[in-house]
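All heavy atoms count here, side chains included; hydrogens, waters and symmetry mates do not. In what follows, chains are A, B, ... by sequence order, proteins preceding strands, each numbered from 1.
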Amino acid sequence: MIEIKDISKQFYTEEGTVEALSHVSLTVEDGDIFGIIGMSGAGKSTLVRCINMLERPTSGTIRIDGCDVGALPERQLRELRRSISMIFQGFHLLMQRNCLKNVCFPLELAGKNKRESREKAMELLNVVGLGDKAKAYPAQLSGGQQQRVAIARALATDPKVLLCDEATSALDPATTNSILELIRNINQKLGITVVVITHQMSVVEKVCNHVAILDGGQVVEQGRVSDVFSHPKSEAARRLVFPEGNPHSFYAGEEGVALHA
Amino acid sequence: MLNNLFSPDTLNEAWVIIRAEFPLAIWETVYITLLATACSILIGLPLGVLLVAGEKDGVLPLPAWLLKGLNAVINLLRSIPFLILMILVFPLTRLIVGTVVGTTASIVPLVIAAFPFVARLAESSFREVSPNTIEMAQSMGASPLQIIGKVMIPESIPSLISNATIAITTILGYSAMSGIIGGGGLGKIAINYGYYRYKYFIMLAAVVLLVVLVQIFQTVGTRLAAKADKR
């Protein structure tokens, strides 16, 4: 279980202080697929980076299975990070390593046996449907294939949690669907808790059970996806659910509001 | 004068000198260049790592004064003209090699001139590694040394090879200059015969060979870099 409690994060820039997150509290249950959605600049990426302390929150606590992540010393934090994998919008594969060695990378970091790592990596490449690309280099693969390799890599250390930071935002709709399907399968088969960061409502709709809507660094709404979608209460939620504008939304202008009223 | 320069007598004499002196001179030049480059990389590469990893938000932050000091020393050494640096480091050369003249002695000033340059080249290679890739490694629990050894260096190998090629051709040029203080090789021949004894043709031949050497190093370096790059 991931408990995010009253997290705030300030960035100090030359232009002054920017509050990226302000008093965010969330709970992600084990085995859930939890979506965090918001417009660009809403603080989603900062929030997900706070979960594994890539970004240290200015205040507040993060607990994973009861363990206060922020209080861990460096070495233990690194241990913990092996059980919280992450995939990214830009895939971030090592371009000078072939796919198999990319998947071996986290095992290598953990000091695992080489031969066993290779076997495990091969197995995982098969799981993501790229068993035949083991010797290929990332540059030879399409975006969707690269993300599959990144997912195989993320699974190598048998994580409890998978953090997806805009993992499908650089992909076309068909590829997005296949990656989301893969994520759902992994969640169901391996019971891995998944946190999905996205700006696309369709992504949340397809894979998530719960969703939190982030706007201006604050959680403005959260709950079951079906509830939030059918009755968006906040303005930010309505903006995301009806991006084109909706006759019943505020965005129809004065008249729309009047009609709705 | 031009008549003299290419008269049969002059050419014959030049040919005798070339045959007698050039094989050793070529060997000395290659030896000095490769050894000085290797030593410069040995010192410069770790410094390049520190320059990038040691920054405030790098993977292995160094105390600010140390990083500033390192940058200052590198800039200082890089701003001294090589001709003067050679003479400035005489005491150090004597300490290390026992003498200040000769082929081996010329390696000391070469390394001192080249390692700061190599450090800057390595720095620029490491900066090409995307911060996102480093963040990825951090998210997987990589330690700072693992990030340096398994991400920063391997990911920038093609760029490091290209930059090593730049370093080698620069050091080759410096090594020719060290002919002034008795460093061996083609530079010494060009200066001794061309400058002190007006044997223009010998100097020309030495220069042509230096050009050929640069071409070879550059071609090999470019090919190796292209072959190493999997992007």
Side-chain angles (χ1 to χ4, degrees), chain A residues 11 45 48-56 72 74-99 101-111 135-141 150 153-157 159 161-166 170, chain B residues 45 48-49 52-64 122 124-165 221-231:
Chain A
F11 289 108
S45 285
V48 79
R49 276 165 179 70
C50 284
I51 296 178
N52 58 5
M53 291 290 144
L54 282 176
E55 225 37 282
R56 297 241 165 213
L72 289 176
E74 264 313 299
R75 187 176 291 266
Q76 269 147 286
L77 176 61
R78 289 205 288 265
E79 287 288 324
L80 180 79
R81 279 178 180 165
R82 285 180 194 143
S83 62
I84 313 168
S85 284
M86 196 163 180
I87 56 174
F88 305 85
Q89 176 170 9
F91 325 130
H92 307 336
L93 296 173
L94 297 168
M95 301 309 275
Q96 307 296 348
R97 282 181 178 227
N98 66 27
C99 294
K101 289 200 173 139
N102 261 289
V103 181
C104 285
F105 179 67
L107 297 167
E108 219 175 289
L109 295 177
K135 292 270 181 277
Y137 285 88
Q140 296 164 290
L141 304 183
R153 178 178 65 180
L155 297 177
T157 44
V161 180
L162 177 64
L163 306 175
C164 310
D165 182 19
E166 297 275 9
Chain B
L45 194 72
V49 169
V52 179
E55 286 191 315
K56 192 160 58 71
D57 44 7
V59 292
L60 196 66
L62 292 176
S124 80
S125 288
F126 294 138
R127 288 203 193 283
E128 286 171 33
V129 178
S130 151
N132 292 326
T133 307
I134 296 192
E135 188 189 48
M136 173 280 292
Q138 281 170 331
S139 82
M140 290 176 179
S143 68
L145 288 180
Q146 284 178 320
I147 292 176
I148 292 167
K150 290 181 186 293
V151 181
M152 271 173 63
I153 296 176
E155 284 295 292
S156 46
I157 284 286
S159 167
L160 286 170
I161 295 175
S162 299
N163 279 335
T165 310
T222 308
R223 283 217 190 128
L224 282 179
K227 208 170 163 218
D229 200 351
K230 310 298 184 190
R231 275 173 296 180

Region of E108(A) that comes under 4.5 Å of a non-hydrogen atom in chain B: both

Rounded distance (nearest 0.5 Å) linking atom CD1 of I51(A) with atom OG of S139(B): 12.5 Å

R153(A) side chain near M140(B) side chain, heavy-atom distance below 4.5 Å: yes

Approximate separation, where rounding is to 0.5 Å, of M136(B) CE and I87(A) CD1: 13.0 Å

Winner by heavy-atom pair count (cut-off under 4.5 Å) against chain A, out of E155(B), R231(B), K150(B): E155(B)

Greater than 12 external heavy atoms within 6.0 Å of R75(A)'s CZ: no

Nearest heavy atoms of R78(A) and A142(B), plus distance in Å: CD-O, 3.5 Å

Toward chain B, the part of L94(A) with a non-hydrogen atom under 4.5 Å: both

Contact summary for L109(A) and Q146(B), nearest pair of heavy atoms: O-NE2, 2.8 Å

Q96(A) side chain vs P154(B) backbone, donor-acceptor pair below 3.5 Å: no

Contacting moiety of L77(A), where chain B heavy atoms sit under 4.5 Å: neither

Interatomic spacing from CG in N132(B) to CZ in F91(A) - rounded to 0.5 Å: 12.0 Å

Proximity breakdown for A228(B) and chain A, heavy-atom pairs closer than 4.5 Å: backbone

Residue part contacting chain B, namely of R49(A), when any heavy atom lies under 4.5 Å: side chain

T133(B) side, atom OG1; F88(A) side, atom CZ - distance, nearest 0.5 Å: 9.0 Å

Side chains of N52(A) and Q138(B), donor plus acceptor under 3.5 Å: no

Minimal non-hydrogen separation, G141(B) against R82(A), with atom names: O-NH2, 3.6 Å

Largest heavy-atom contact set with chain B, pairs under 4.5 Å, which of M53(A), R97(A), H92(A): H92(A)

Portion of S130(B) that has a non-hydrogen atom of chain A nearer than 4.5 angstrom: neither

